[in-house]
Amino acid sequence: MLICLCSGILLSVVVMIRILFNTHHQERKYKLKMQKLQSRMATVSKKNLYIEEQLEVLEQFQTNLKAVNTKLSNLIFDLNFDLFSIISNQDPPKRS
């Protein structure tokens, strides 16, 4: 009877150790997964900041390009107007 009781206690201790080991193992796996997830999130965040910066540069470029295109169009128009006047052997008319 004493042997049964001792073996029961020993079996209970082994089961408890096994449960504690599994819990500890799962906690380590969870922490490792969380570290990987945090690393990926940091990488995605850096890429997102880079893309946002590129979009801002693109918007500035488009704004500048529109202004330059407008100015270039006006200069081309003026040049064509002057050339047409020269070709027609007339003094360039005065523009307002």
Side-chain angles (χ1 to χ4, degrees):
M1 175 100 168
L2 187 59
I3 293 176
C4 267
L5 183 62
C6 287
S7 62
I9 292 173
L10 183 59
L11 182 62
S12 296
V13 169
V14 169
V15 168
M16 289 297 289
I17 290 174
R18 181 68 179 158
I19 290 171
L20 290 174
F21 178 76
N22 280 343
T23 303
H24 179 69
H25 181 69
Q26 288 174 351
E27 286 176 5
R28 284 191 303 159
K29 282 176 60 177
Y30 175 76
K31 285 180 183 178
L32 182 62
K33 287 181 180 180
M34 287 302 293
Q35 288 173 348
K36 288 180 181 179
L37 180 61
Q38 289 172 344
S39 175
R40 287 181 186 161
M41 288 173 62
T43 301
V44 168
S45 178
K46 287 178 185 176
K47 287 180 181 179
N48 189 35
L49 285 175
Y50 175 76
I51 290 171
E52 286 177 358
E53 289 171 357
Q54 292 299 313
L55 285 173
E56 185 176 328
V57 168
L58 178 62
E59 288 174 1
Q60 290 173 354
F61 175 76
Q62 288 174 334
T63 302
N64 290 339
L65 183 61
K66 285 180 183 178
V68 167
N69 278 343
T70 301
K71 185 174 182 178
L72 183 60
S73 294
N74 290 335
L75 289 172
I76 291 171
F77 178 81
D78 291 342
L79 178 63
N80 285 334
F81 188 84
D82 291 342
L83 287 174
F84 182 74
S85 295
I86 291 171
I87 290 173
S88 66
N89 293 325
Q90 295 178 355
D91 289 335
K94 297 187 180 190
R95 290 175 268 162
S96 51

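Sequence positions, counted from 1, serve as the residue numbers for this chain.
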Peer 1: If I take atom CD1 from residue Ile76 and atom CG from residue Leu83, how far apart are they, to the nearest 0.5 angstrom?
Peer 2: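 Going from CD1 on Ile76 over to CG on Leu83, the span is 11.5 Å.
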
Peer 1: To the nearest 0.5 Å, what is the distance between CD1 (Ile87) and CG (Asp82)?
Peer 2: 11.0 Å

Peer 1: Can you give each donor-acceptor pair under 3.5 Å made by side-chain atoms of residues 31-54, sequence neighbours left out, with the distance rounded to 0.1 Å?
Peer 2:
from  : atom 1 : to    : atom 2 : distance (Å)
Thr43 : OG1    : Ser39 : O      : 3.0

Peer 1: To the nearest 0.5 Å, what is the distance between OG (Ser12) and CD1 (Ile17)?
Peer 2: 11.0 Å

Peer 1: Which pair of non-hydrogen atoms, one from Ser85 and one from Ser88, has the smallest distance, and what is that distance?
Peer 2: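 Nearest pair, atom of Ser85 first, then Ser88: O-OG, 3.1 Å.
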
Peer 1: Could you list the donor-acceptor pairs under 3.5 angstrom formed by side chains in residues 56-65, with sequence neighbours left out?
Peer 2:
from  : atom 1 : to    : atom 2 : distance (Å)
Thr63 : OG1    : Glu59 : O      : 2.9
Asn64 : ND2    : Gln60 : O      : 3.4

Peer 1: What is the distance from atom CG of Asn74 to atom CG of Leu79, rounded to the nearest 0.5 Å?
Peer 2: 12.5 Å

